[in-house]
Structures are given as C-alpha cells and as structure tokens.
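Data block below; observations after.
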Amino acid sequence: MKNIKLYSAFVLFFLPMILNAQSFKATVDRTSIPQNVQFQVYFTFDGEDVNKVRNFSPPNFSGFRILSGPNQSSNMTFINGKVSASLTYSYILVGTDIGDFTIGTASVEYDGKRYQTEPIKLSVIKGNPTAQNNQQSDVNVSEEELSKNVFIRAFADKRSVYQGEQVTVEYKLYTKLNISSPQISKLPSYNGFWSEELEPIRNINFNVEMFEGERYRVATLKRVALFPTKAGELEVTPFELTIPVLIRRKTNQRSLFDEFFNDSFFGRTETIEYQAKSNKLKINAKPLPSNDVPESFEGAVGEFDFKAVVNETNVKMNDPVNLNIQITGTGNIKLLNVPKFNIPAGFEQYDPKTNETITNRNIISGTKIFEYLLVP
C-alpha cells in the first residue's frame, strides 16, 4: 500500500454548515462504472475535532485495482467561534472485470470509539475506456452539462391524500461543482393548498449523498407542509434559483507554470450564472368521505383533543362568565372554524377572541383557543 498523502483544504461553502454529531460514511463517484475507467471512493468522517481520528482501516478492494490512495484531505469551517470539520480518505480505483462487486467496511477510531462505514455495492459494465471521470479536467460549460452537475429536486412524502391531509414537500440542492451564494429567482406557488413552512432553515448543512447512482454534495433548502383545500389534481410549481457556478477556464498551454497557476486560488476561473429549476409536483387530493358525516363536522382533518370549560358555574345575574373552548392536536389546525354550540335562553353571547399556537416541525401541530364572554 502506498504511503498516505496529505492534502489540507479549508473550504467555506456558500452557506454555513453545522455538524451536530460524528459520522463515518462511504461514498463513490457513481455506482455503475465502465470497465477500465477510473473512479474514486471516499471514506469521510464528520465531527467537531478531526484531529482525534485515529487508526484508519481500509476495506478489502477485491475485484479492483488501486491506482492511488489512501489520499487524505480535510475541510474545516469556522462559524461564530464553532468549528465543524470533515476528514476524508480517498482512493482512485479501476474495475478490470465486468460484474457486481462490494467494497467492504472501513473503520476509524474517534475519542475511544470505533466507527464503521456501510458496504457499497458497485457494478462494472462495458464502456468506453476513454470516458475517464477526471475531476481535474476542465468542465464543459454547456447547459446540458450544468444541468447534470447542479440541480434542484422537489420531493413529496405522499402523492395521493385526502383533502385537508398534510403533504410534506422538501427541496434539495445537488452539486458536483464549486458554487457561490445563490439567489432566489422564483418561489414555488401552492395554489389549492394551505401552506406552512417547516422549521425555516437558517444554517444549511452540506452532506455527501448518492442520487441515481452518483455522488453529490447535497443541501436541504426548504421544507413545507401543504394541506389541500380542495379536491382534484393539484400542482406545485418549481422552486427557481440563480446559482453562480465557478468554472475553470480552458487553456491550450501545458507548461508546468500553467498547471501551477491554473489553480482557482490564482483566479483562473470564471463565474457562470446558472438558472436552476426544480421539478413540478402533482398531488392528487381526494374528497373527504361523504357517508355518515356528523352535522357538526367543520373540515378538521387530523387527530385532535377537544375540551370546553367555564370559569364559574354559579353566578349572579349580569355577572360575566368566561367560556374557553380549546382544540389541541396535529393537522390543519389553522383551518378550523369556531365550533357551533347552543346556549340557554337568557344569556347574551359576545364574539369570541381566538388565540393559536402552531408548532411547525415535521408534522404541523398546535393549540387553538376560542374565548367567549357570556352574560346571564
């Protein structure tokens, strides 16, 4: 095995990354690799103090030829006095035989505890050996290539729900390229839905994930809870961003000085404003059941507790009585109407005051209180 090569990189992504816990993950450039084409496998430890990482143990790369590795690199971010960091051990491999293979488990020690990666399944297929996945080459800046390397995806946890039932939509940014601070071009519209943003994201975490068999840096941009207010096929329009993409300039020179000064640190890059647009989402909203519906039903969809209390049960004539009706639970609580009830003759009833508290975590929940003043 070759000696470990040390590379140090201090990277600040366009939005802050906050790492809350230690993790050790294995990823690859892609899971389907042409025969005799090189690719990279990464073993990345995320934590606050990567200097405590010890005793990296690589897996058995049976079925592959090692061209380089282990190569070690570190990324660090300093935000408000806090440090978040990652340490990556990478290998450049070549699959010489066609078939399905598994890269086994790697492990490291951190602060007296052993961390292990999950195995990765790969397929080596027939392909063009000249189509090298060389990350050091200049990037093709065509619209098609940009769309493959920087894009937004919208995901819905459900595609078919009842009217009033929650659908959670998540928007993720995927990138293989160096990008700068994006600007919102157009927010999605939610016609036919009542919407509530879930825990507004102030600090964006970039993680490495596999998507459709390829490796990307991924950040969650926005999460929103949607409640259909009518039945039928409803559409969520795309989320659009203007993303500055940093592209290396192409050059015909091949001198040692050119290779040295071609590094982005010396400014031989250009910025392209790329318009990224997420996919549309179609949600099928089914009408609520029409059989055996109570007369008192006002459209509440979810799980709710209901109680009503008065502050006094024995009062003098013309003394006010406070009636509080409280609804607590999960669901479309903002859409709930004032409950209907009958009061005895001889009471004056005043319009209620309404207070509500909404919790916007993964599932919308909260409390809605109606305060009535009654005078006998």
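Residue numbers run from 1 in the order of the sequence given. Note that these values count all heavy atoms, side chains included, but never hydrogens, waters or copies made by symmetry.
- The six-membered or imidazole ring of Y216 lies near that of F151, with a centre-to-centre distance under 6.0 Å.
- Between the D29 side chain and the Q40 main chain, a donor and an acceptor come within less than 3.5 Å of each other.
- Here the closest heavy-atom approach between residue S195 and residue V224 is recorded as CB-CG2, 4.1 Å.
- At distances below 3.5 Å, not a single donor-acceptor pair connects side-chain atoms of T328 with backbone N or O atoms of T367.
- For K353 and E371, the salt-bridge test fails: no basic side-chain N is under 4.0 Å from an acidic carboxylate O.
- Classification of the F211-F155 ring pair by plane angle, with boundaries at 30° and 60°, yields perpendicular.
- Here the shortest heavy-atom pairing between I325 and A308 reads CG1-CB, 4.0 Å.
- Cluster annotation: I120 and Y115 are assigned to the same hydrophobic cluster (Ile/Leu/Val/Met/Phe/Trp/Tyr, side-chain heavy-atom contacts under 4.5 Å, transitive).
- At least one donor-acceptor pair closer than 3.5 Å links the side chain of D157 to the backbone N or O of T168.
- Nearest heavy atoms, Q163 versus T229: NE2-O, 3.2 Å.
- Centroid-to-centroid, the aromatic rings of F45 and Y110 come within less than 6.0 Å.
- A donor-acceptor pair under 3.5 Å is formed between the side chain of T237 and the backbone N or O of S189.
- Separation of atoms CG (N279) and NZ (K282) is listed at 11.5 Å; rounding is to 0.5 Å.
- Between E165 and the options K158, K286, R159, a salt bridge (Lys or Arg N to Asp or Glu O under 4.0 Å) holds for only K158.
- A donor-acceptor pair is defined here as one N or O able to donate and one able to accept, closer than 3.5 Å; such a pair exists between the side chain of S185 and the backbone of T242.
- Here the closest non-hydrogen pair linking I66 and Y91 is CG2-CD2, 4.1 Å.
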Requested in this report: Evaluate side chain to side chain contact (heavy atoms under 4.5 Å, CB included) for L122 paired with D100, printing each intermediate quantity in order.
Outcome: CA-CA 6 Å; L122 304 174; D100 295 328; over 6 Å; no
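- R65 contributes atom CZ, which lies 11.0 Å from atom CG of D97 (distance to the nearest 0.5 angstrom).
- In terms of hydrophobic clustering, with Ile, Leu, Val, Met, Phe, Trp and Tyr side chains grouped at heavy-atom distances under 4.5 Å, I92 and V208 are assigned to different clusters.
- Cluster annotation: I184 and L173 are assigned to the same hydrophobic cluster (Ile/Leu/Val/Met/Phe/Trp/Tyr, side-chain heavy-atom contacts under 4.5 Å, transitive).
- Contact record, Y171 with S278: CE2-OG, 4.1 Å, taken as the closest heavy-atom pair.
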Query raised in the report: Taking it one step at a time, do N362 and R223 satisfy side chain to side chain donor-acceptor pair (under 3.5 Å)?
Result: CA-CA 9 Å; N362 291 331; R223 296 177 68 243; 3.1 Å; yes
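- Judged purely by atom type and a 3.5 angstrom limit, Q166 uses its side chain to pair as donor or acceptor with the backbone of I364.
- Salt-bridge annotation for E214 and K176: present, with a side-chain N of the basic residue lying under 4.0 Å from a carboxylate O of the acidic one.
- Through direct or relayed side-chain contacts under 4.5 Å between Ile, Leu, Val, Met, Phe, Trp and Tyr, I363 connects to no other residue.
- The aromatic ring centres of Y89 and Y42 sit 6.0 Å or more apart.
- Closest approach of V28 to M210, counting heavy atoms only: O-SD, 3.3 Å.
- When atom types are taken as modelled, the side chain of D46 and the backbone of Q22 share no donor-acceptor pair closer than 3.5 angstrom.
- A salt bridge is absent between E170 and K222; no separation between the charged side-chain nitrogens and carboxylate oxygens falls under 4.0 Å.
- Formation of a donor-acceptor pair under 3.5 Å by the T175 side chain with backbone atoms of L177 is found in this model.
- Residues L241 and V218 do not share a hydrophobic cluster, defined by chaining ILVMFWY side chains whose heavy atoms lie under 4.5 Å apart.
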Query - Y162 vs F227, ring pair (Phe, Tyr, Trp, His ring centres under 6.0 Å): CA-CA, chis, key distance, verdict - result: CA-CA 9 Å; Y162 282 102; F227 297 84; over 10 Å; no
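- Between the side chains of T44 and T88, at least one donor-acceptor pair of N or O atoms lies under 3.5 Å.
- Residue Q35 holds its CD atom at 8.5 Å from NZ of K126, rounded to the nearest 0.5 Å.
- Contacts classified as ring-ring contact (aromatic ring centres under 6.0 Å, His included) and involving residues 348-376 (residues at least two apart or in different chains) are given here: F341-Y372.
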